[in-house]
Amino acid sequence: AMNRKRIILRFLCAALLLSGLGLLLYPSVNAWLERKKTERRVDSFREAVADQIPQPVLSMTPAIDSVEETLPYPELLEAMEAYNESIFADKQDGLCDPWSYQAPVFDLAEYGIEDGIVGILSIPKMDLELPIYLGATAEHLAGGAAQLSQTSMPIGGENTNCVLAGHRGWYGALFFRHIELLEIGDEIMITNLWETLNYTVSEIKVIEPNEIDEILIQPGHDLVTLLTCHPYGSGGQYRYVVYCEYTACGLGVL
């Protein structure tokens, strides 16, 4: 009977030890799993788009002796360009409440994009790459960077401002946790379905959550604006805003 009690006691001690070890390791293990999940999404996007890289084709028009490129997803690109023009023309009057941030403008599945990813946000200073989704829904924010609806599509161009929101940490994933590392002059990149766009940090602000005017399109500019809660762990008391101005375009996406 005494030996049996000792065995049970040892078993309970071992179970408690393993439970305690599991609790200690959980944050690190979960962070690793979330990081790998994000990396898989980014890699999957790159592979999918690599298969769609434009190939030069000879023009079929005899009078034009030139080389033209066929772009992937032409209907989606045209729709995004038209959308960017329309929200600039109407001064983004649809950007009025939290629901307007969330509702995705396009059903990407109709264009053959099943995973909802339209690009990659790369921030070398933060050693960070995140998939970009359209519409700042809870699901999209849990997966990466989410474009605020009623702001510009992530394709660049004059009179655009693509506002990308991100959590400052989410179940172990860092996301925009270390956004304060960014300084004026640092570079970020947007790789969409057609090209890679380079931007440089031009201004950093802390604003109130309801200061919508601070994230509107600035006429004559091509901007990407990063948006997250501030300070870290405050529950969203303020918003940390990083404005990035377009500097260059790179052909291809890899």
Side-chain angles (χ1 to χ4, degrees), residues 34 38 83-84 86-106 116-119 121-123 125-126 128-156 159-184 186 188 190 199-246:
E34 289 296 326
T38 300
Y83 179 78
N84 284 354
S86 69
I87 63 170
F88 176 68
D90 65 23
K91 303 184 187 303
Q92 294 173 276
D93 61 5
L95 191 61
C96 55
D97 56 52
W99 172 246
S100 65
Y101 301 161
Q102 298 176 24
V105 176
F106 301 106
I117 299 174
V118 294
L121 169 65
S122 302
I123 309 178
K125 184 73 168 286
M126 296 166 59
L128 180 68
E129 285 195 319
L130 294 176
I132 298 172
Y133 299 90
L134 298 183
T137 63
E139 180 183 2
H140 288 168
L141 286 166
Q147 171 257 3
L148 266 60
S149 296
Q150 304 300 320
T151 74
S152 307
M153 295 288 131
I155 57 173
N159 303 323
T160 63
N161 183 11
C162 176
V163 182
L164 299 177
H167 285 304
R168 290 196 79 166
W170 183 256
Y171 287 96
L174 292 176
F175 292 171
F176 286 174
R177 169 69 180 87
H178 299 302
I179 197 167
E180 289 170 271
L181 288 174
L182 286 175
E183 299 174 301
I184 306 298
D186 285 337
I188 75 164
I190 299 290
Y199 292 80
T200 300
V201 175
S202 57
E203 188 178 4
I204 298 171
K205 284 184 180 180
V206 175
I207 65 173
E208 299 279 352
N210 60 351
E211 291 187 87
I212 293 175
D213 289 350
E214 296 288 349
I215 60 171
L216 294 179
I217 295 168
Q218 298 179 23
H221 291 266
D222 177 346
L223 300 172
V224 167
T225 298
L226 309 180
L227 180 73
T228 191
C229 295
H230 184 75
Y232 172 68
S234 69
Q237 184 177 1
Y238 298 103
R239 297 290 180 267
Y240 196 87
V241 188
V242 179
Y243 302 92
C244 307
E245 186 93 30
Y246 172 79

Practice task
With the side chain counted from C-beta on, respond yes when Cys229 and Phe176 share a heavy-atom pair under 4.5 Å apart, and no when they do not.
Solution key: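 Side chain of Cys229 against side chain of Phe176, heavy atoms only: no contact under 4.5 Å found.
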Exercise for the section: Check salt bridge (charged side-chain N to carboxylate O under 4.0 Å, His left out) between Glu208 and all other residues, then give those that pass, not counting sequence neighbours. Expected result: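 Counting only residues at least two positions away or on another chain, Glu208 forms no salt bridge (charged side-chain N to carboxylate O under 4.0 Å, His left out).
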Handout entry: Contacts of type salt bridge (charged side-chain N to carboxylate O under 4.0 Å, His left out), residue Glu245, not counting sequence neighbours
Key =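 Counting only residues at least two positions away or on another chain, Glu245 forms no salt bridge (charged side-chain N to carboxylate O under 4.0 Å, His left out).
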To the nearest 0.5 angstrom, please state how far the [atom1] atom of [X] sits from the [atom2] atom of [Y].
| X | Y | atom1 | atom2 | result |
| --- | --- | --- | --- | --- |
| Leu95 | Thr151 | CG | OG1 | 7.5 Å |
| His221 | Ser202 | NE2 | OG | 8.5 Å |
| Leu226 | Tyr199 | CG | OH | 11.0 Å |
| Ile190 | Leu121 | CD1 | CG | 4.5 Å |
| Gln150 | Tyr83 | CD | OH | 4.0 Å |
| Ile188 | Leu128 | CD1 | CG | 10.5 Å |

Handout entry: Verdict with supporting geometry, Leu164 and Cys162, side chain to side chain contact (heavy atoms under 4.5 Å, CB included)
Key = CA-CA 6 Å; Leu164 299 177; Cys162 176; 3.6 Å; yes
What is the minimum heavy-atom distance between [X] and [Y], and which atoms define it?
| X | Y | value |
| --- | --- | --- |
| Phe175 | Leu141 | CE1-O, 3.4 Å |
| Asn159 | Gly220 | OD1-N, 2.6 Å |
| Tyr243 | Thr225 | CD2-OG1, 3.6 Å |
| Ile212 | Tyr101 | CG1-OH, 3.5 Å |
| Ser152 | Asn161 | OG-N, 2.8 Å |
| Val206 | Tyr240 | CG2-CD1, 3.9 Å |

Practice task
Using atom types as modelled and distance alone, determine if a side-chain donor or acceptor of Thr228 lies under 3.5 Å from a backbone N or O of Gly166.
Solution key: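 It does hold such a pair.
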Exercise for the section: Could you tell me whether the side chain of Gln92 and the main chain of Ile217 form a donor-acceptor pair under 3.5 Å? Expected result: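 Side chain of Gln92 to backbone of Ile217, a donor-acceptor pair under 3.5 Å: yes, one is there.
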Handout entry: Charged N-O contact under 4.0 Å between Lys125 and Glu183
Key =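 So Lys125 pairs with Glu183 through a salt bridge.
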Which side-chain N or O atoms in residues 129-139 pair as donor and acceptor under 3.5 Å with protein atoms at least two apart or in another chain?
residue, atom, partner, partner atom, Å
Glu129, OE2, Arg46, NH2, 2.6
Glu129, OE2, Ser122, OG, 3.0
Thr137, OG1, His140, N, 3.1
Thr137, OG1, His140, ND1, 3.4

Exercise for the section: Sort and list the pairs that fulfil salt bridge (charged side-chain N to carboxylate O under 4.0 Å, His left out) and have at least one residue in residues 214-231, not counting sequence neighbours. Expected result: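 Sorted result for residues 214-231: Lys205-Glu214.
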Problem - Sequence neighbours excluded - salt bridge (charged side-chain N to carboxylate O under 4.0 Å, His left out) pairs with any residue from residues 164-173 - result: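 Pairs touching residues 164-173 that pass the test: Arg168-Glu180.
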Practice task
Please name all residues satisfying side-chain contact (heavy atoms from CB on, under 4.5 Å) with Ile184, sequence neighbours left out, ordered by chain then number.
Solution key: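 Scan of Ile184 (side-chain contact (heavy atoms from CB on, under 4.5 Å), adjacent residues dropped) gives Val201, Ile204.
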